[in-house]
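One structure is given here, and the rest of the page talks about it.
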Number of protein chains: 2
Amino acid sequence: MSTTTSTRASAARERIVETAFSLFYARGIRAVGVDLIIAESGVAKATFYKHFPSKDDLVVAYLDRVDDVWTAQLKQAATAAGDAPAVQLVGLFDALGTACRRDGYRGCAFINAAAESQPGTPVHDRTVAHKTAVLSWVSDLATQAGARDPGGLARSLTLLLDGGLASGSLDASPEAPRVARECADALVSAALAGRPSPAAGR
Amino acid sequence: MSTTTSTRASAARERIVETAFSLFYARGIRAVGVDLIIAESGVAKATFYKHFPSKDDLVVAYLDRVDDVWTAQLKQAATAAGDAPAVQLVGLFDALGTACRRDGYRGCAFINAAAESQPGTPVHDRTVAHKTAVLSWVSDLATQAGARDPGGLARSLTLLLDGGLASGSLDASPEAPRVARECADALVSAALAGRPSPAAGR
DNA sequence: TTGCACATAGACAGATCTGTCTGTTAGCGT
DNA sequence: ACGCTAACAGACAGATCTGTCTATGTGCAA
């Protein structure tokens, strides 16, 4: 087992991805050159290109990192709200509020990346995959909650979530996440009306 | 009166803005160089820089153009749906469906532009101004409709709209706009429950 | 000790991008 | 007929960006 190797490789690679995470998000992907990332992460150019044969490879790694982080925050917010799926569907919106409040918040990294890439490219595909994964997770939750139309409810909620993510950076007020959460609450309640049992129906 | 002058000036300027409109939207702002716009619009470089001293000036003109077009489409969809404000609040979502169906659709030009610019710059400010204007228009409509909480309703609806605009480009299915519209319908009905009169209440 | 895998340092090529500058051409009003 | 203004054509400077290449250093294992 090449523990030593991969550990050492990780050190440089990890620094690169970490730096890319900050810079790409804060300034945009095209606005940040590899030279800056190399300088900022204190890595040699050859090392950089050994780990990431092209800039796009790093961008993909960046998006994978964002996916890990954001998905974890969503799930954490959901479970923190309670055990019942219906409660979790609303609770996940707390992650939105937390994200928008963080300073340096600049919207959804995926939507931003999609804005800078063409459909059909690996980078753009990553965005689609992420949004699909979130939708499917919310859909499962809606099914477990016993919603009348789980797919439709999930779609509505993710629409609201994406809207909140997009608006949050254009609007200093904390109103957007709050309204999104309240709105989600109303939608979930409506979708569950008449089947208030904690366990899924039938 | 310099009618002649401004008419002539318009010809070149108009071609530039029109070209920028297509290219910036389709490929992203940073991805399109001024050289390409100059070539594509068949204009001399000196002429370009006479009308737009810097690329950013053109980007601002581009966003102003998008604002005109999109705002008109929203209002057209709203009035086409009917005269009652409550109906218009839902009807405006038809513009979303139409936009998403157009091919080459690549999300909201403003959100995309914001993704490529820094807060505090003229370009970014344009985005904020646009979103603020839409919110305020929807808010007026909600007030006229006699909604319980016009501001909150307007916020919810624009959240849904932005979410639809963002998701629409990541998701080939026409489901997002449809769900957004249905969801808007539910929200408007809920906000108006108990005051079904076409004229605002009290 | 010798070799190997990984890292550093930084010069370099080639493309591209923004913005400037020079010189020429065409239409319009006086 | 003349001059003004806008437009055209395109070379040029300077910066920046991606990606390659050479030369060197370092720690671990056999």
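By convention in this document, chain letters (A, B, ...) are assigned in the order of the sequence lines, proteins followed by strands, and residues within each chain are numbered from 1.
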Revision key, fill the gap. By side chain to side chain donor-acceptor pair (under 3.5 Å), Asp149(A) pairs with (sequence neighbours left out) none
**Study point:** His51(A) vs dC6(C): side-chain N/O to OP1/OP2 distance below 4.0 Å
**Key:** no
**Study point:** Flag, side chain of Thr158(A) to backbone of Ala154(A), donor-acceptor distance under 3.5 Å
**Key:** yes
Check your understanding: How close or far is atom P of dT5(D) from atom NZ of Lys50(B), stated in whole angstroms?
Key -> 9 Å
Review point. For Asp35(B) and dA15(C), what is the distance between atoms CG and C1' respectively, to the nearest whole Å?
Key: 12 Å
Practice item. Using whole Å, report how far CZ of Arg30(B) lies from P of dA15(D). Key: 18 Å
**Study point:** Five-pair end axes of the helix from dT1(C)-dA30(D) to dT30(C)-dA1(D), angle between them (10°)
**Key:** 0°
Review point. Residues in side chain to side chain donor-acceptor pair (under 3.5 Å) with Glu18(B), at least two apart?
Key: Arg65(B)
Review point. What residues form a side chain to side chain donor-acceptor pair (under 3.5 Å) with Gln76(A), not counting sequence neighbours?
Key: none
Practice item. Scan residues 53-64 of chain B against DNA chain C and write down, sorted by residue number, each residue with any heavy atom closer than 4.0 Å; if none is found, say none. Key: Ser54(B), Lys55(B)
Which side-chain N or O atoms in residues 24-34 of chain A pair as donor and acceptor under 3.5 Å with protein atoms at least two apart or in another chain?
{"residue": "Tyr25(A)", "atom": "OH", "partner": "Arg106(A)", "partner atom": "N", "Å": "2.6"}
{"residue": "Tyr25(A)", "atom": "OH", "partner": "Gly107(A)", "partner atom": "N", "Å": "3.2"}
{"residue": "Tyr25(A)", "atom": "OH", "partner": "Gly107(A)", "partner atom": "O", "Å": "2.7"}

Check your understanding: What residue pairs, at least two apart or across chains, pass salt bridge (Lys or Arg N to Asp or Glu O under 4.0 Å) with a residue in residues 40-56 of chain B?
Key -> Asp35(B)-Lys45(B)
Check your understanding: Quick one: Arg13(B) CZ to dC8(D) C1', roughly how many Å, whole number?
Key -> 19 Å
Practice item. Provide, to the nearest angstrom, the distance between the CD atom belonging to Glu14(B) and the P atom belonging to dA7(D). Key: 13 Å
Study note, to complete from the structure: Val87(A) meets the side chain to side chain contact (heavy atoms under 4.5 Å, CB included) criterion, sequence neighbours left out, with Ala81(A), Ala84(A)
**Study point:** Phosphate OP1/OP2 of dT8(C): any Arg15(A) side-chain N/O under 4.0 Å
**Key:** yes
Study note, to complete from the structure: dist Leu58(B):CG -> Phe21(B):CZ (nearest 0.5 Å) comes out at 12.5 Å
Study note, to complete from the structure: Per the under-4.0 Å heavy-atom filter, residues of residues 39-49 of chain A near DNA chain C come out as Gly42(A), Val43(A), Ala44(A), Lys45(A), Ala46(A), Thr47(A)
**Study point:** side chain to side chain donor-acceptor pair (under 3.5 Å) against Asp57(A), all qualifying residues, sequence neighbours excluded
**Key:** Ser54(A)
Name every donor-acceptor pair, under 3.5 Å, that has one atom in a side chain of residues 176-183 of chain B and the other anywhere in the protein, sequence neighbours excluded.
{"residue": "Arg178(B)", "atom": "NE", "partner": "Glu182(B)", "partner atom": "OE2", "Å": "3.2"}
{"residue": "Arg181(B)", "atom": "NH1", "partner": "Asp94(B)", "partner atom": "OD1", "Å": "2.6"}
{"residue": "Arg181(B)", "atom": "NH1", "partner": "Asp94(B)", "partner atom": "OD2", "Å": "2.9"}

Study note, to complete from the structure: So side-chain hydrogen bond (donor to acceptor under 3.5 Å, both in side chains) across residues 119-131 of chain B, not counting sequence neighbours, yields Asp64(B)-Arg126(B), Asp67(B)-His130(B), Lys131(B)-Asp162(B)
Exercise for review: Measure from CZ on Phe52(B) to C1' on dT20(C) and round the result to the nearest Å.
Suggested key: 18 Å
